[in-house]
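Below, each value reflects all heavy atoms present in this structure, side chains not excepted, and no hydrogens, waters or symmetry copies.
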Amino acid sequence: MTTPLNAPAPAPFGWCHWHKGPSGTAAMVDVIEQGSGPGAGLYACSPCREQHGLRSVVEQPHEVAYRDYLLHTTDCEGCSRIGRCKVGGRLRDIYQKALDAAP
């Protein structure tokens, strides 16, 4: 008999908005922002990401730059609400350039 402790994990399930079908490899590739109410995420499976040149949100340059900036400013004594240290300033500039270049 299978118990919850030794039961196999269920296969991941997702929806691919590109081929419009279920997928076990779906990852969020875009976020649709709305002025009011919740936004929506668009997901693509691994084959569709490769075929259409899509990157998951966490791999997009502006997300990577923002994560680096947040990690630095969280631990840096020279970074505060008033200003940033030289490294924090450079990381913020990198984030801003990546954000400006984002589609």
Specify the closest pair of heavy atoms between Ala44 and Arg49, including all atoms of both residues, with the distance to one decimal.
O-NH1, 2.7 Å
ring-ring contact (aromatic ring centres under 6.0 Å, His included) contacts in which one or both residues fall within residues 66-93, not counting sequence neighbours:
Tyr66-Tyr95
By side chain to side chain donor-acceptor pair (under 3.5 Å) - contacts of Ser56 (at least two apart)
Glu59
Quick one: are Arg84 and Cys76 in side-chain contact, heavy atoms under 4.5 Å?
no
With sequence neighbours left out, what residues match Asp75 under side chain to side chain donor-acceptor pair (under 3.5 Å)?
none
Test question: given the 4.5 Å side-chain rule for I, L, V, M, F, W and Y, name all other residues clustered with Trp15, or answer none.
none
Has Thr25 got a side-chain atom pairing as donor or acceptor with Ser46's backbone, closer than 3.5 angstrom?
yes
Gln51: side-chain contact (heavy atoms from CB on, under 4.5 Å) partners, not counting sequence neighbours:
none
Of all heavy-atom pairs between His17 and Gly41, which one has the smallest distance, and what is that distance?
CE1-O, 3.7 Å
Give a yes or no on whether Leu71 and Leu91 share a hydrophobic cluster (residues Ile, Leu, Val, Met, Phe, Trp, Tyr; joining criterion: side-chain heavy atoms under 4.5 Å apart).
no
Which atoms form the tightest heavy-atom contact between Cys85 and Cys79, and what is the distance?
N-SG, 3.5 Å
Nearest heavy-atom pair of Gln60 and Arg55: which atoms, and what distance?
NE2-O, 3.1 Å
If you link I, L, V, M, F, W and Y whenever their side-chain heavy atoms are under 4.5 Å apart, who else ends up in the same group as Ile32?
Trp18, Val29, Leu42, Leu54
